[in-house]
Amino acid sequence: MPELPEVETIRRYLSPVLRNRIIKNVVIRRNDAVGFPSSARFRQEARNARIYQISRKGKYLLFSLTSHKVLVIHLRLSGQLRITQADQVPKYERIRFILDNDSALSFIEPRVLGKVYLLKDSELSKIIPGLAQMGLEPIDHRFNTQYLAEKFIHRQAKVKTLLLDQKICAGVGNIYSDEALFYAGIMPIRPAGSLRRNEVKRLVIALRHIINKALRAMGTTMTDGRYLQPDGARGMFQYQLMVVGRESLPCYKCGKKIIRITISNRSSYYCPVCQH
DNA sequence: CTTGTGTCCTGTAGGC
DNA sequence: TGCCTACAGGACACAA
């Protein structure tokens, strides 16, 4: 699924395209793609609302509607958003927002893990607790050594696990955590609390650096093409990945083989020489 | 509170 | 071709 750079790229694409568009109708092809409220109420309440702003918090997209409600979309592992013309219905389309200009916003989600929600502001944190508890994003200027060191102190969990924790590093996922750890020269399995202050500092710089580079590259589209921009264009950061997806291939820095291990059921890639 | 594990759901790639 | 397994960018519930 998209991480911060992918979701932000999607937001930047959609923002001018959807601003002031009216949702004329909603076609719900899978009821379980609606997280809240019921699909019938979702459809009814989204109809005729105008989109006036699109923002992002971590990996959540937030569409502010004129009806004093927020349309929240989370793409999870395989969700996509596409702008489509009236006669185009993409495969795995779960929800279709028909707009007032003969185009549609298509929510595509093969695995049906990603969800859409329609909420009042006051309901946001209750229905989606992850939004309320969200930590700082690495591109936030308050995300500094002090912040991360405080989160890591006395923690035995692997540093990689804590990088994936949205309460700590909002927007970071499996790809950029590995890339940042490589850039910082830190082993993913290190207990987070064992990092010296200088290492935490390197990690803060690395996270910021990697995420900004990925943003400039419009995100990472792996060979499976699961992440695409709303017009179908691919991201470009896959060509700059240093460790992710490179098991047994030579490290670009030292030439030793990249290792893949499993950390909390997720693939993790690292260089056994460059990372300590 | 912390940590590790399993689960949600479906599709695809690769081995045999 | 068919069958089987492993894997997939996330988040959360649950048990210890």
Side-chain angles (χ1 to χ4, degrees), chain A residues 1-10 29-36 56-61 72-81 90-94 107-117 125-135 150-181 188-194 210-211 214-215 217-229 234-238 240-241 243-248 260-269:
Chain A
M1 154 295 151
E3 305 178 28
L4 189 158
E6 289 78 24
V7 180
E8 176 62 14
T9 300
I10 291 168
R29 304 189 191 280
R30 279 281 298 248
N31 288 331
D32 53 359
V34 179
F36 184 90
R56 181 190 56 74
K57 204 173 168 190
K59 302 168 190 169
Y60 290 88
L61 276 171
V72 181
I73 301 184
H74 197 300
L75 301 171
R76 290 276 195 129
L77 287 168
S78 56
Q80 283 182 32
L81 290 172
K91 201 175 178 187
Y92 308 121
E93 179 181 84
R94 305 309 187 192
F107 174 64
I108 302 160
E109 171 49 308
R111 290 174 73 176
V112 209
L113 291 171
K115 304 276 184 230
V116 303
Y117 308 81
S125 52
K126 195 173 157 192
I127 304 294
I128 313 176
L131 266 177
Q133 298 167 18
M134 190 155 312
E150 273 174 21
K151 299 291 185 187
F152 282 0
I153 194 164
H154 297 151
R155 297 288 300 265
Q156 295 305 303
K158 297 174 177 66
V159 59
K160 154 108 178 189
T161 304
L162 294 198
L163 292 187
L164 293 176
D165 186 339
Q166 301 302 293
K167 296 191 284 298
I168 298 175
C169 299
V172 173
N174 207 33
I175 290 179
Y176 300 114
S177 54
D178 277 1
E179 291 295 310
L181 285 164
I189 54 169
R190 287 269 301 279
S194 77
I210 295 294
I211 286 177
L215 271 170
M218 319 278 262
T220 303
T221 301
M222 304 297 260
T223 47
D224 55 32
R226 246 202 313 260
Y227 156 72
L228 297 170
Q229 295 174 56
R234 304 169 76 86
M236 298 296 281
F237 195 70
Q238 60 276 17
Q240 297 180 64
L241 293 173
V243 288
V244 168
R246 304 197 60 247
E247 182 180 17
S248 300
R260 182 172 80 93
I261 57 169
T262 298
I263 298 178
S264 49
N265 268 331
R266 327 278 310 272
S267 279
S268 224
Y269 300 88

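In what follows, every chain begins at residue 1, and chains take the letters A, B, ... in the order their sequences are listed.
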Open item on the list: Could you go through A/N174 and A/K160, starting from their C-alpha distance and side-chain angles, then the distance that decides it, and tell me whether this counts as side chain to side chain contact (heavy atoms under 4.5 Å, CB included)?
Closed with: CA-CA 9 Å; A/N174 207 33; A/K160 154 108 178 189; 2.5 Å; yes

TODO: Could you pick out which residue, A/K91 or A/D32, lies toward the 5' side of DNA chain B when each is mapped onto its nearest nucleotide?
DONE: A/D32

Task: Distance below 4.0 Å between A/Q166 side-chain N/O and C/dG10 OP1 or OP2 - done: no

TODO: Just do the side chain to side chain contact (heavy atoms under 4.5 Å, CB included) check on A/L4 and A/R56 with the steps written out, would you?
DONE: CA-CA 9 Å; A/L4 189 158; A/R56 181 190 56 74; 3.5 Å; yes

TODO: On DNA chain C, check which nucleotide each of A/R260 and A/P129 is closest to and give me the residue with the more 5' one.
DONE: A/R260

Task: d(OH, A/Y60; P, C/dG9) in whole Å - done: 18 Å

Open item on the list: If you define the side chain from C-beta out and look only at heavy atoms, does anything of A/M134 sit under 4.5 Å from A/I128?
Closed with: no

Open item on the list: What is the distance, to the nearest angstrom, from the CG atom on A/L162 to the P atom on B/dT3?
Closed with: 7 Å

Task: Proximity to the side chain of A/L113 - top-ranked nucleotide from C/dA8, B/dT10, C/dG10 - done: C/dG10

- [ ] Rounded off to whole Å, could you give me the CG-to-P distance for the A/D165 and C/dA13 pair?
- [x] 13 Å

- [ ] Select base, sugar-phosphate, or nothing to describe what A/S267 touches, counting heavy atoms under 4.0 Å on all strands.
- [x] sugar-phosphate

- [ ] Round to a whole Å and report the spacing from CE of A/M134 to P of C/dG10.
- [x] 13 Å

Open item on the list: OP1 or OP2 of C/dG10 versus the side-chain N and O atoms of A/R111: is any pair under 4.0 Å?
Closed with: no

TODO: Please round to the nearest 0.5 Å and tell me the distance separating atom CG of A/L164 and atom CD1 of A/I263.
DONE: 8.5 Å

TODO: Kindly say if A/K59 contacts the phosphate of C/dA11, meaning a side-chain N or O under 4.0 Å from OP1 or OP2.
DONE: yes

Task: Phosphate contact (C/dG9 OP1 or OP2) by A/S78 side-chain N/O below 4.0 Å - done: no

- [ ] Could you please name the partner base of C/dG9, counting Watson-Crick and G-U wobble pairs only when both distances are under 3.5 Å?
- [x] none

TODO: Assign A/Y92 to base, sugar-phosphate, or nothing according to its heavy-atom contacts below 4.0 angstrom with the strands shown.
DONE: sugar-phosphate

- [ ] Assign A/R94 to base, sugar-phosphate, or nothing according to its heavy-atom contacts below 4.0 angstrom with the strands shown.
- [x] nothing

Task: A/V244 backbone acceptor or donor facing A/E179 side chain under 3.5 Å - done: yes

Task: Atom-to-atom span, CZ of A/R29 to C1' of B/dC9 - whole angstrom - done: 19 Å

Task: Atom pair distance, as rounded to whole Å: CZ in A/R155 and P in B/dC1 - done: 12 Å

Task: Candidates B/dG4, C/dG10, B/dT10 - which lies nearest the side chain of A/R30 - done: B/dT10

Task: Earlier contact from the 5' end, DNA chain B, for A/Q156 and A/N265 - done: A/Q156

Task: Rounded interatomic separation in angstrom, taking CG from A/N174 and P from C/dG10 - done: 6 Å

Open item on the list: Measuring to OP1 and OP2 of C/dA11, would you say a side-chain N or O of A/H74 lies under 4.0 angstrom away?
Closed with: yes

Open item on the list: Is the ring pair A/Y60/A/H74 parallel, tilted or perpendicular, if the boundaries are 30 and 60 degrees?
Closed with: perpendicular

- [ ] Rounded off to whole Å, could you give me the CG-to-P distance for the A/L241 and C/dG9 pair?
- [x] 12 Å

Task: Minimum-distance nucleotide to A/A157 side chain [options: B/dT3, B/dC9, C/dG9] - done: B/dT3

Task: From B/dG11, C/dG9, C/dA8, nucleotide with atom closest to A/P110 side chain - done: B/dG11

